[in-house]
Amino acid sequence: MRRWTMLALGTAAQTVACTFLYGLPYTSETLRRDSGLALGEVGLLVACPTFGLLLTLIAWGAMADRFGERVVITSGLAMTAVLLSLGATVNGLVPLGVFLALAGAASASVSAASGRLVVGWFSARERGLAMGIRQTSTPLGMGIAALVVPTLAARDGIEGTVLFCAALCGVVAVLVGSLTTDPPRPARPAGGKPAANPYRHSGLWRIHASSALLCVPQFATNAFAMVFLIDVRGWSAVHAGQLLVLSQVLGALSRVVAGRWSDRVGSRVRPMRQLSVCIAVVMGATALGALRPSPLTDLAMIVACGITASTNGLAFTATAELAGSAWSGRAMGVQNTGQNLAASLTPPLLGGLIASAGYARGFMLAGALAVAACFVIPALNGPKTHS
C-alpha cells in the first residue's frame, strides 16, 4: 500500500508543477488586453519558467541521488511557492519574468526527483505501469490549468494566476514533506567504489536522443492541433478546444497502457520502438488529412494527439533502469532537459515550416523524425529487477 501512496504523492507533485508551467499560456489574452503586450512579448514572459527549469534539472537530479527524493521535492516546491508569492507582489513585467524563471528553476526539483521516487518503490514487474500513471500528471496539470486559469486571469489578472499556482505548490509541499518516505536504497559496502558512470555506454544516450526525436510529433500536435482544426476544418475555437479535451484523456490513457504493456513483455524499448512506428503512421494520416480534409481528418488529429504522448513514461523508466539507483536522478535530469529542449524548439521551428509550406509538410517531417527514432532506440534486455 505504501508504494501506491508514494506514487500518488509523486504524481500530485508533478501535476501541480505542470499546472504552473502550462497554466501561464492561458493568461495570454489577459496580458495582451490589460498590459498591451505584443504576442511575442507574451510568449517571452510565459516561456520564463521553462527557461529556468532547463538550467537546473541535472543539478536537482544530482541532489536527489545524494540526499533523497523527499527533501528535494519538498524544498523545491516550497521554494516555488515562495518565489511565486513574491512574484505576484512586484511591479513590472521584467521583475515578474525574473521571479517566474526562478520559480521554474525551483520546480525542476519535482521533474528530477518524482520519477526517481516512483521507480524506487516499484519492482520491474510494475514499474512501467507506475511510471505511466505518474506521466498522466502532464495532461492532468494542463486540464486543471485549462479549467481554472482563464477565468482566474480574466478576474484577477496574471497576479491571481501566480498566487493560485503558489498555493497549490505550498499545499503539496506540505503533503510531500509530511507523508513521503524515500525508497530503500541498496547499501554500498564499506570502502566500496562509487557506482560506475552509465554514460560510458551508448544505451542512455540513445534513449535520450530517441525520446527527444519523439517529442517533435508530440509537441507538433499539442502546439498546432487547435489552429489546424480551425484553419483546415473550419471549427470554432470553442468547439475545437472541447474536442481536444478528448485528446488529453486519450494521451493520459496511452501512457498508462504503454507502461502496463512494457511490464507484460519485460521490455521498455520494444514497445517504444513499435509505438514510434505507429506515431509515424498516424502523423502521415494527419498530413494526408491536411491535403484532403474530411471528418477523418478530425479523428486522425485526435488519435495523433493521444498516441504521440504514449512513449514518455517508457523513456523515463528505461532511463532510470539503465542508470541504476546511484545515477537515476542525474539521468532523469538529462532526460528531462533533452525533452524540454525539443519541446521548446518544436513550435517555433515547425511553425515556420508550416507557415511557409503548409500543415502537410510540417506533419510529414514530424512523422519522419518518429521513423528516425525507431532506429535510434537501443536494443536492450529486459528491465532490471532492482532500482
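When reading the values below, keep in mind they use all heavy atoms of this one structure, side chains included, and skip hydrogens, waters and symmetry mates.
- Here salt bridge (Lys or Arg N to Asp or Glu O under 4.0 Å) pairs that include residues 233-260, with residues two or more places apart or in two chains, are R233-D298.
- Residue L253 shares its hydrophobic cluster (ILVMFWY side chains chained together at separations under 4.5 Å) with V249.
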Side-chain donor-acceptor pairs of residues 364-374 under 3.5 Å, sequence neighbours excluded:
none

When you look at F316 and V119, which way does the side-chain contact (heavy atoms from CB on, under 4.5 Å) test go after all the steps? CA-CA 9 Å; F316 275 100; V119 167; over 6 Å; no
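- No donor-acceptor pair under 3.5 Å is formed between the side chain of T311 and the backbone N or O of L314.
- Applying the side-chain hydrogen bond (donor to acceptor under 3.5 Å, both in side chains) definition to pairs two or more places apart or across chains, those involving residues 338-354 are S211-Q339.
- With sequence neighbours excluded, the residues satisfying ring pair (Phe, Tyr, Trp, His ring centres under 6.0 Å) with Y199 are W205, H208.
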Chi angles and distances behind the side-chain contact (heavy atoms from CB on, under 4.5 Å) call for L214, S276: CA-CA 7 Å; L214 288 169; S276 69; 3.9 Å; yes
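- In this structure the side chain of L250 never reaches within 4.5 angstrom of the side chain of C305, judged on heavy atoms.
- In this structure a side-chain-to-backbone donor-acceptor pair under 3.5 Å is present from D263 to L129.
- Under the rule for a side-chain contact (heavy atoms from CB on, under 4.5 Å), the partners of A153 that lie at least two apart in sequence or sit in another chain are T27, T30, T161.
- Each side-chain hydrogen bond (donor to acceptor under 3.5 Å, both in side chains) pair with one or both residues in residues 4-20, not counting sequence neighbours, appears once here: Q14-S111, Q14-S114, Q14-R134.
- Other residues, nucleotides and ligands contribute over 12 non-hydrogen atoms within 6.0 Å of the CZ atom of R3.
- Annotation: side chain of L100 is in contact with side chain of F20 (closest heavy-atom distance under 4.5 Å).
- Looking at heavy atoms from C-beta onward, V172 lies in side-chain contact with V176 at the 4.5 angstrom threshold.
- Checking side-chain atoms of S107 against main-chain N and O of A17 turns up no donor-acceptor pair under 3.5 Å.
- Pairs of residues two or more places apart, or lying in two chains, that qualify as ring pair (Phe, Tyr, Trp, His ring centres under 6.0 Å) and include a residue from residues 216-257 are F228-Y359, F228-F363.
- By the 4.5 Å side-chain criterion applied to Ile, Leu, Val, Met, Phe, Trp and Tyr, V71 is assigned to a cluster that also includes W60, M63, F67, V72, M79.
- Of the possible polar contacts, none joining the T317 side chain to the G128 backbone as a donor-acceptor pair under 3.5 Å is found.
- T136 places no side-chain N or O within donor-acceptor distance of the main-chain N or O of G132, the cut-off being under 3.5 Å.
- Contact check for T297 versus R292: no side-chain heavy atoms found under the 4.5 Å cut-off.
- The shortest distance between side-chain heavy atoms of L322 and W327 does not fall below 4.5 Å.
- The stretch residues 172-183 participates, sequence neighbours left out, in no side-chain hydrogen bond (donor to acceptor under 3.5 Å, both in side chains) pair at all.
- Looking at V282 and I279, their side chains never come closer than 4.5 Å, going by heavy atoms from C-beta outward.
- P49 places a side-chain heavy atom less than 4.5 Å from the side chain of L24.
- Looking only at side-chain heavy atoms (C-beta outward), P271 and V265 come within less than 4.5 Å of each other.
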side-chain contact (heavy atoms from CB on, under 4.5 Å) between I144 and V16, intermediate numbers included: CA-CA 9 Å; I144 292 171; V16 299; over 6 Å; no
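- In this structure, the separation between CG on N312 and CD on Q335 is 8.5 Å, given to the nearest 0.5 Å.
- Residues satisfying the salt bridge (charged side-chain N to carboxylate O under 4.0 Å, His left out) test with D65, not counting sequence neighbours, are R116, R330.
- Applying the side-chain hydrogen bond (donor to acceptor under 3.5 Å, both in side chains) rule to pairs touching residues 142-159 yields nothing, sequence neighbours excluded.
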